[in-house]
Amino acid sequence: MNLIEELRWRGMLHDFMPGTEEQLAAEMTTGYIGFDPTASSLHIGNLATIMLLVQLQRAGHKPVALVGGATGMIGDPSGKSAERNLLSEETLQTNQAGIRAQLEKFLDFNCGANSAEIVNNYDWFKEFSFLNFLRDVGKHITVNYMMSKDSVKKRINADEEGERAEGLSYTEFAYQLIQGYDFYHLYKNKNVRLQMGASDQWGNITTGTELIRRMDGGKAFALVGKLVTKSDGTKFGKSEGGNVWLNAELTSPYKFYQFWLNLSDEEAEKLIKVYTLLPQDEIARITEEHNQAPHLRVLQKALAKDVTIRVHSEEDYNAAVEASEILFGKGDLATLKGLSEQILLSVFEGVPQVEITKEQYAEANTVSDLLSETTQGLIFDSKGEAKRMIKNGGVRVNLEKVQSAEDAVNFELLQEKYLVVQKGKKNYYLVSVK
RNA sequence: GGGGAGAUUCCAGAGCGGCCAAAUGGAACGGACUGUAACUCCGUUAGUGUAAACUUUCGCAGGUUCGAAUCCUGCUCUCCCCA
């Protein structure tokens, strides 16, 4: 199965330029995808794009991951309805390092001819003067051409309902040209023939192929993947706490595992093809098994396992499963009391924790005080919020429901120093009293 | 440079002198149901307070008024159109 066929059955393929398939068939082709350092970690939305590179490499081609040190300074208007804030250079550098480290986990950098590479477009843009850029690059592309891109049009024209457009700064307008030049640079220096990306990158990528054609008479190709969306069409990759990050410090392996486990059947079936490398017959078998007994969530479990292991590690996966069983099994106070301190801590690793002193604990008059003021707003921002939630029956301490916000604080401390606090069913906190 | 529109609680968006902590919708969170789901239903969404009530909030700074998100003045910012 060639790359295009592979991506197609996995439902990852959105569109590609004519000739791409022939190019891939003809020779080992170098393809790249850019990642802008807008955060210190990639999230699972980016991971779908990384999977394109992974599939490229599996098909015997050479993947290049570009860290957008330069483009990140500009801001891509694609898919954004409003002008973005610029990040400081310092932030960008921290972010670049983080992203680089993550990319290295997914691609093989040592497998001979098609070993992966990482490049940073800041390297070739830092010395490129503005005037030279205008003369050497800008001259080849007309404003008319740039204006015809959807990402630009959306920001300039009012939409169908007559809503005013947000406008677009010259800086963001120039973004596609910068990205286009990246492609040209890699084409010239790294023999890159293909740029991939999410489908919203189509416009930017074709500016690149156009630039290569005009500056060099060369032929380069584009392939974009489907933008992963939730079944209701909204943006994928956000959970209650915001984005689902690949960095364990931003999204703990436990939460990460839980995210996948909680997907709807429909999403799990779609995403297992995107996020895992499991072969077609294996996925068919799992889907079959799932449909026989949907409540067992075989699909979600298989997906969660595969992705958690690859993004984090086998140990992290095991810990996440163990923690899930304890927290979502029919545990009660007795179960918690039965855990050794070591297991207790490992179960709650990655769960927000607060430390308070024995004096503070003794001074808290009511449960609502304890869960807001005493614990420094970690669990609840205000007493009012704590009270409301308790009134709604949404708070448990040591797995037992708190009856009233005015209850006195006299819980049994686990191992003489821990309290397990639940806000709703899925949010756990560990309070340690020292 | 000229003309116009606008800035409201997480977002969108009503309010146009007291009944406004501010309609409605979205989103989020909590509860019931369930498969740690979907659907549906219910509740919550400025702070303190058991409550009555009080404090801070409607771009910023002043003013008018017994009383202002609502009126006036100045400022800042945003967008659109024309040159």
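Below, each value reflects all heavy atoms present in this structure, side chains not excepted, and no hydrogens, waters or symmetry copies. Letters go in sequence order (proteins before strands), and every chain restarts at 1.
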Identify whether any heavy atom of A:Lys301 sits under 4.0 Å from a base atom; if not, whether one sits that close to sugar-phosphate; answer base, sugar-phosphate or nothing.
-> nothing
Ignoring backbone atoms, test whether A:Lys383 places a side-chain nitrogen or oxygen under 4.0 Å from the OP1 or OP2 oxygen of B:G49.
-> yes
With sugar-phosphate meaning primed atoms plus P, OP1 and OP2, does A:Arg388 contact a base, only sugar-phosphate, or nothing at under 4.0 Å between heavy atoms?
-> sugar-phosphate
Toward the 5' end of RNA chain B, by each residue's nearest nucleotide, A:Leu261 or A:Glu385 = A:Leu261
Record whether the side chain of A:Lys425 comes under 3.5 Å of the base of B:U34 through a donor-acceptor pair of N or O atoms.
-> yes
Between B:A46 and B:C58 - C1' atom distance, rounded Å | 13 Å
At their closest point, which heavy atom of A:Thr71 faces which heavy atom of A:Tyr175, and how far apart are they?
-> O-CE1, 3.4 Å
For A:Lys391, answer base if it contacts any base atom (sugar-phosphate contacts may also be present), sugar-phosphate if it contacts only those atoms, and nothing otherwise; contact means non-hydrogen atoms under 4.0 Å.
-> nothing
Is there a donor in the side chain of A:Glu315 and an acceptor in the side chain of A:Asn318, or the other way round, less than 3.5 Å apart?
-> no
In whole Å, what separates the C1' atom of B:U48 from that of B:A14?
-> 29 Å
For residues 127-143 of chain A, pull every pair meeting salt bridge (charged side-chain N to carboxylate O under 4.0 Å, His left out), keeping only residues two or more places apart or in separate chains.
-> none
Euclidean distance for C1', B:C81 against B:U70 (whole angstrom) = 29 Å
Just by modelled atom types, is the A:Lys423 backbone N or O under 3.5 Å from a matching donor or acceptor in the A:Tyr429 side chain?
-> no
A:Gln258 (side chain) and B:U36 (base): donor-acceptor pair under 3.5 Å | yes
Which value, in whole Å, describes the distance between the P atoms of nucleotides B:A38 and B:C29?
-> 11 Å
Between A:Asp381 and A:Gly393, whichever has its closest RNA chain B nucleotide further toward 5' is A:Gly393
